[in-house]
Protein chains: 2
Amino acid sequence: MHFWAMNDKANQPLLKGSLSVIILKLLENRERMYGYEITQQVKALTAGGVAITEGALYPALHKLEAEGLLTTETEVVDGRARKYYSLTKTGKTEAVNRVDELMAFMQNLQTILAPAFPAPKPAF
Amino acid sequence: MHFWAMNDKANQPLLKGSLSVIILKLLENRERMYGYEITQQVKALTAGGVAITEGALYPALHKLEAEGLLTTETEVVDGRARKYYSLTKTGKTEAVNRVDELMAFMQNLQTILAPAFPAPKPAF
DNA sequence: AAAGTATATCTAGAAGTTGTAGGTATACTT
DNA sequence: AAGTATACCTACAACTTCTAGATATACTTT
């Protein structure tokens with residue numbers, strides 16, 4: 001079996017609402033990715049700090065496709081099927097918009113969460 | 001009546017999971033706040049960019065209280081009832097932990113969302 | 001040869017958070 | 001008298017994500 005704790009911190013849940021933006025952003029960089037590749041890419045970019053679960057990823061991909069932001073083409077590579085996703089024209093526009101929105105929100109959040117009182121300098 | 005569009009951007013939904021952290025952080029700064037005050041404070045800190053809805057706020061406060069992170073005392077001020085919330089000892093610890101976690105997550109998110117290719121310098 | 005790991009996709013249902021849309025009530029301003 | 005600001009509340013809908021399964025191929029280890 002072999003469970004293994006790894007980081008102990010790796011399992012932080014995603015903030016709900018961020019997954020679709022992550023997907024759109026990665027596809028903005030790469031033109032073409034398949035689901036499993038996305039999970040690996042996120043893990044790599046964040047040094048294991050963020051893990052996308054498959055139970056969230058695949059429904060999210062299907063929804064983005066249904067919304068017309070992604071298109072797919074399936075290929076068989078090394079005997080295994082892969083489903084490649086790419087941004088549609090609308091998807092490209094939406095990618096920019098949603099990334100901007102999320103960045104703006106995070107900016108606000110950081111303002112709120114920033115320490116209120118700077119560490120006082122030692123008195124002398 | 002008079003609806004009014006204001007910013008057109010004011011209505012951005014919160015990232016689910018961030019509200020309780022915002023509450024804990026504000027109470028870390030101020031010792032004692034009531035619900036309505038929290039909504040106004042967030043609005044002020046973010047220049048209207050983030051709006052906390054009461055339908056989300058009050059249930060969140062009640063939950064944090066039920067979890068033992070907050071305590072309340074009710075007072076009547078200017079003829080109106082106010083319910084002040086403060087951090088418990090456990091609440092203070094949790095505030096630090098959750099803020100740290102959220103900041104770490106945002107750091108990761110920013111890594112993912114950062115532009116992949118720096119704007120190329122003009123060729124000459 | 002068997003078992004486990006990595007690759008690759010999928011779904012059903014539970015859990016959880018937030019928004020919508022109401023409700024109540026007092027004080028003040030128009 | 002009506003509207004606005006202050007102040008609290010709840011029920012329900014909407015949505016996203018996680019858990020926990022399932023399936024299948026290829027490769028490595030035992």
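Since this is a predicted model, take the numbers as computed values, not measurements. Letters A, B, ... are given to chains in the order of the sequence lines, protein chains preceding strands, and every chain is numbered from 1. Basis for what follows: all heavy atoms, side chains included, without hydrogens, waters or symmetry-related copies.
A close approach under 4.0 Å does not occur between any side-chain nitrogen or oxygen of A/Thr53 and OP1 or OP2 of D/dT17. Between B/Tyr34 and D/dA7, a side-chain N or O to OP1/OP2 separation shorter than 4.0 Å is present.
The CG-C1' distance, from A/Leu19 to C/dG16, rounds to 16 Å in whole Å. We find that CD1 of B/Ile52 is positioned 16 Å from C1' of C/dT20, with the value rounded to whole Å. Look at CG on B/Leu102: it is 14 Å from C1' on C/dT17, rounded to the nearest Å. Per the geometry, CE belonging to A/Met33 stands 12 Å off P belonging to C/dA8, to the nearest Å. Rounding to whole angstrom units, CD of residue A/Gln41 and P of C/dT7 are separated by 14 Å. Rounding to whole angstrom units, CD1 of residue A/Ile38 and P of C/dA8 are separated by 13 Å. Look at CD on B/Glu73: it is 16 Å from P on D/dA7, rounded to the nearest Å. One atom, CD of B/Glu75, and another, P of D/dA7, lie 12 Å apart when rounded to the nearest Å.
Qualifying side-chain contact (heavy atoms from CB on, under 4.5 Å) partners for A/Thr111, counting only residues two or more places apart in sequence or in other chains: none. By the side-chain contact (heavy atoms from CB on, under 4.5 Å) test, A/Thr93 is found to be paired with A/Asn97, residues two or more places apart in sequence or in another chain being considered. Shown here are the salt bridge (Lys or Arg N to Asp or Glu O under 4.0 Å) partners of B/Lys16, two or more places apart in sequence or in another chain: there are none. By the ring-ring contact (aromatic ring centres under 6.0 Å, His included) test, B/Tyr36 pairs with no residue at all, sequence neighbours left out. Remark: B/Glu65 pairs with B/Thr72 by the side-chain hydrogen bond (donor to acceptor under 3.5 Å, both in side chains) rule, at least two apart or across chains. Under the side-chain hydrogen bond (donor to acceptor under 3.5 Å, both in side chains) criterion, A/Thr53 pairs with no residue, sequence neighbours left out. In this view, B/Val77 and B/Glu75, B/Arg82 satisfy the side-chain contact (heavy atoms from CB on, under 4.5 Å) rule, not counting sequence neighbours. Residues forming a side-chain hydrogen bond (donor to acceptor under 3.5 Å, both in side chains) with B/Glu31 (at least two apart in sequence, or on another chain): none.
Closest non-hydrogen pair, A/Leu27 versus A/Tyr85, comes out as CD2-O, 3.2 Å. A pairwise comparison of heavy atoms in B/Leu87 and B/Ala95 identifies CD1-CB, 4.3 Å as the closest pair.
Evaluation of the salt bridge (Lys or Arg N to Asp or Glu O under 4.0 Å) test over residues 86-98 of chain B, restricted to residues two or more places apart or in two chains, returns B/Glu67-B/Arg98, B/Glu94-B/Arg98.
Proximity of residues 54-66 of chain A to DNA chain C (heavy atom under 4.0 angstrom from any strand atom) is restricted to A/Glu54, A/Gly55, A/Tyr58, A/Pro59, A/His62. Residues from residues 76-85 of chain B placing a heavy atom under 4.0 Å of any atom in DNA chain C, listed by number, are B/Asp78, B/Gly79, B/Arg80.
Mapping A/Lys16 and A/Gln40 onto DNA chain C by nearest heavy atom places A/Gln40 closer to the 5' end of the strand.
Each end of the helix from C/dA1-D/dT30 to C/dT30-D/dA1 gets its own rotation axis from five pairs of C1' atoms, and the angle between them is 10° to the nearest 10 degrees.
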